Trainee: 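Let me give you the structure first, and then I'll get to my questions.
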Amino acid sequence: MKQYIVDAFTDKPFAGNPAAVCVMDAPLPDSFMQMLAVENNFSETAFLLREGEGWRLRWFTPGAEVDLCGHATLASSFVMLNYYEKEKDSVRFFTRSGVLTVTRKGGLYEMDFPVYPQREIPVTDEMEAAFGVRPVKALLGPDLVCVFADEEEIRRMTPDQALLWKLDGRGQIVTARGAESDCVSRSFFPKLAIPEDPVCGSAHCQIAPYWGEVMGKTEIHAYQASKRGGHLYCRLTGNGRIAISGEAALVAVAEIVAKP
């Protein structure tokens, strides 16, 4: 089967967030997909299989299968619309999070995602110990989102991974207002064997709605301030949905020869 390495949320290789995209001819055992994700050692390996008028899409981290992944969905849409569905401007994915549609708009790929519900929770000493800086606010949905007073606190942060693991949430997200973007963030997923995800699309299903409400805006330009960095263009569309757009760049095309 073909495997594509694509950097998402960037217009050039070796930035943004890398994902492996595997296009299957037939179903594979879950155990094989998990082992290949471990072998790749990216934060996500996506597996695609033709299903009717769309594609079945599944995402595996080195630690587990997940319900939703933004950057690997963007990478998958880049592969589909440039190599398998060239005549189309949109592609439908059937996933554990429902039907996801991605539309090509110029050089951007716009993903239609659900907004994750979240609630404010108390800031704790455990959060301060894990991040090394005390948040000014904490929100809990699928991920823990901690809001900080200053962008530079986000950029300089070196969290304690063992202490992060003890906090609530699938992942632990940090965010603050940005100087050159509406907000900046970083994403940590030690429970999924990902110390830091360079650019996390699904985290912005919580980040963008929060900043949209604070700023009174429906469009949020977000920057993920990891070492690789990446831009996300978020638009709150109503009815509990969010459009997240970004660019992508192809790094490699390979053939997987290992057998299940």
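Just so it is clear, the model here is predicted, and its values are computed rather than measured.
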Trainee: Please evaluate residues Trp55 and Ser76 with respect to the criterion side chain to side chain donor-acceptor pair (under 3.5 Å), reporting the C-alpha separation (whole Å), side-chain torsions for both, the decisive distance (0.1 Å), and the verdict.
Mentor: CA-CA 10 Å; Trp55 297 81; Ser76 297; over 6 Å; no

Trainee: Determine, for Glu255 against Lys2, whether the closest basic-nitrogen to carboxylate-oxygen distance falls under 4.0 angstrom.
Mentor: no

Trainee: Is any side-chain heavy atom of Phe188 closer than 4.5 Å to a side-chain heavy atom of Ile194?
Mentor: no

Trainee: When His231 is tested against each of His204, His71, His221 for ring-ring contact (aromatic ring centres under 6.0 Å, His included), which residue passes?
Mentor: His221

Trainee: If every non-hydrogen atom of Leu232 is compared with every non-hydrogen atom of Gly201, which pair is closest and at what distance?
Mentor: CD2-CA, 3.9 Å

Trainee: Is the side chain of Arg104 donor-acceptor paired with the backbone N or O of Phe78 at a distance under 3.5 Å, no angle test?
Mentor: no

Trainee: Would you check, one step at a time, whether the test side-chain contact (heavy atoms from CB on, under 4.5 Å) holds for Thr73 with Val102?
Mentor: CA-CA 8 Å; Thr73 301; Val102 183; 3.9 Å; yes

Trainee: With a 4.5 Å heavy-atom cut-off, do Phe93 and Leu48 have their side chains touching?
Mentor: yes

Trainee: List the atom pairs, with distances to 0.1 Å, where a side-chain N or O of residues 114-123 and a protein N or O form a donor-acceptor pair under 3.5 Å, not counting sequence neighbours.
Mentor:
from	atom 1	to	atom 2	distance (Å)
Gln118	OE1	Gln206	NE2	3.1
Gln118	NE2	Gln206	O	2.9

Trainee: Do Leu192 and Ser43 touch side chain to side chain, with heavy atoms closer than 4.5 Å?
Mentor: no

Trainee: Counting distance only, does the side-chain N/O of Arg186 pair as donor-acceptor with the main-chain N or O of Ile154 below 3.5 Å?
Mentor: yes

Trainee: Does the side chain of Thr101 come within less than 4.5 Å of Thr103's, by heavy atoms?
Mentor: yes

Trainee: If you take all heavy atoms of Cys183 and Ile207, which pair is closest and at what distance?
Mentor: SG-CG2, 4.0 Å

Trainee: Got a second to check how far Ile242's CD1 is from Phe113's CZ, nearest 0.5 Å?
Mentor: 9.5 Å

Trainee: Any non-hydrogen side-chain atom of Met24 less than 4.5 Å from a side-chain atom of Phe47?
Mentor: yes

Trainee: Any sub-3.5 Å donor-acceptor pair from Arg228's side-chain atoms to Gly16's backbone N or O?
Mentor: yes

Trainee: For a 4.5 angstrom cut-off between non-hydrogen side-chain atoms, does Val145 reach Thr175?
Mentor: yes

Trainee: Show the nearest heavy-atom pair for residues Gln3 and Leu36, with the distance to one decimal.
Mentor: OE1-CD2, 3.9 Å

Trainee: Within this structure, what is the OH-OG distance for the pair Tyr210 and Ser185, rounded to the nearest 0.5 Å?
Mentor: 13.0 Å

Trainee: Measure the spacing between CG of Leu57 and CE of Met80 and express it to the nearest 0.5 Å.
Mentor: 9.0 Å

Trainee: Charged N to carboxylate O below 4.0 Å: is that the case for Arg58 and Asp30?
Mentor: yes

Trainee: When rounded to the nearest 0.5 angstrom, what distance separates SG in Cys22 from CG in Leu28?
Mentor: 8.5 Å

Trainee: Run through Leu250, Val23, Val21 and flag the one making a side-chain contact (heavy atoms from CB on, under 4.5 Å) with Tyr83.
Mentor: Leu250

Trainee: I'd like to know whether CG of Asp89 has more than 12 heavy-atom contacts from other residues, nucleotides or ligands below 6.0 angstrom.
Mentor: yes

Trainee: Would a hydrophobic clustering, with Ile, Leu, Val, Met, Phe, Trp and Tyr connected at side-chain separations under 4.5 Å, put Leu139 with Met215?
Mentor: yes

Trainee: Can you find a side-chain donor-acceptor pair between Ser97 and Asp67 that sits under 3.5 Å?
Mentor: no

Trainee: Using the six-membered ring wherever Trp is involved, compare the ring planes of Tyr4 and Tyr84 and label them parallel, tilted or perpendicular (cut-offs 30° and 60°).
Mentor: perpendicular

Trainee: What distance do Asp25 atom CG and Met1 atom CE have between them, rounded to the nearest 0.5 Å?
Mentor: 9.5 Å

Trainee: Would you mind writing out the side-chain donor-acceptor pairs for residues 127-136 within the sub-3.5 Å range, not counting sequence neighbours?
Mentor:
from	atom 1	to	atom 2	distance (Å)
Glu128	OE1	Arg134	NH1	2.7
Arg134	NH1	Asp125	OD1	3.0

Trainee: What I'd like to find out is whether the side chain of Cys69 reaches to under 4.5 Å of the side chain of Ser202, using heavy atoms alone.
Mentor: no

Trainee: Does this structure show an ion pair linking Glu85 with Arg92, if we count only N-O contacts that are shorter than 4.0 Å?
Mentor: no

Trainee: Would Leu68 and Phe42 show up in the same hydrophobic cluster when neighbours are defined by side-chain heavy atoms closer than 4.5 Å?
Mentor: no

Trainee: Could you tell me whether Arg177 and Asp182 make a salt bridge, using a distance below 4.0 angstrom between a side-chain N and a carboxylate O?
Mentor: no

Trainee: Check the pair Glu196, Ser226 against side chain to side chain donor-acceptor pair (under 3.5 Å), reporting the backbone distance first and the verdict last.
Mentor: CA-CA 8 Å; Glu196 181 169 3; Ser226 65; 4.9 Å; no

Trainee: Mind checking whether Leu49 and Pro27 have side chains closer than 4.5 Å, heavy atoms only?
Mentor: yes

Trainee: Show me the side-chain donor-acceptor pairs of residues 155-166 shorter than 3.5 Å, one per line, residues at least two apart or across chains.
Mentor:
from	atom 1	to	atom 2	distance (Å)
Arg155	NE	Glu151	OE2	2.9
Arg155	NH2	Glu151	OE2	2.9
Asp160	OD1	Ala162	N	3.0
Asp160	OD1	Leu163	N	3.0
Gln161	NE2	Pro195	O	3.2

Trainee: Just by distance, do the side chain of Thr10 and the backbone of Gly230 share a donor-acceptor pair under 3.5 Å?
Mentor: no

Trainee: Would you sort out whether Tyr223 and Glu180 count as a side-chain contact (heavy atoms from CB on, under 4.5 Å), showing the intermediate values?
Mentor: CA-CA 9 Å; Tyr223 181 72; Glu180 298 180 359; over 6 Å; no

Trainee: Nearest 0.5 Å please: distance from the CG atom of Asp143 over to the CD1 atom of Ile173.
Mentor: 4.5 Å

Trainee: Side chain to side chain donor-acceptor pair (under 3.5 Å) between Glu44 and Asn17: does it pass, once the steps are laid out?
Mentor: CA-CA 9 Å; Glu44 298 286 349; Asn17 199 354; over 6 Å; no

Trainee: For salt bridge (charged side-chain N to carboxylate O under 4.0 Å, His left out), just list the numbers for Asp7 and Lys12, CA-CA rounded to whole Å, side-chain angles, deciding distance to a tenth of an Å, and then say yes or no.
Mentor: CA-CA 8 Å; Asp7 287 340; Lys12 59 183 182 294; over 6 Å; no

Trainee: Starting from the C-alpha separation in whole Å, work towards a yes-or-no answer on side chain to side chain donor-acceptor pair (under 3.5 Å) for Thr45 and Asn40.
Mentor: CA-CA 7 Å; Thr45 296; Asn40 284 330; 3.1 Å; yes

Trainee: Closest heavy-atom contact between Ala72 and Trp59?
Mentor: CB-CD1, 3.6 Å

Trainee: Starting from Ile256, can I reach Ile5 by hopping between I/L/V/M/F/W/Y residues whose side chains sit under 4.5 Å apart?
Mentor: no

Trainee: What I want to find out is whether Arg235 reaches Glu110 closely enough, with some N-O distance under 4.0 Å, to be called a salt bridge.
Mentor: yes

Trainee: Looking only at non-hydrogen atoms, find the nearest pair between Phe9 and Ser245 and report the distance.
Mentor: CE2-O, 4.1 Å

Trainee: Going through the distances and angles, do Glu65 and Arg96 end up as a salt bridge (charged side-chain N to carboxylate O under 4.0 Å, His left out)?
Mentor: CA-CA 10 Å; Glu65 184 176 7; Arg96 284 167 54 161; 3.0 Å; yes

Trainee: Any chain of hydrophobic side-chain contacts (each under 4.5 Å) joining Leu100 to Ile244?
Mentor: yes

Trainee: How far apart are the closest heavy atoms of Ala149 and Glu153, and which atoms are they?
Mentor: N-OE1, 3.4 Å

Trainee: Applying the 4.5 Å side-chain criterion to the ILVMFWY set and letting contacts propagate, would Val214 and Val147 be lumped into a single cluster?
Mentor: yes

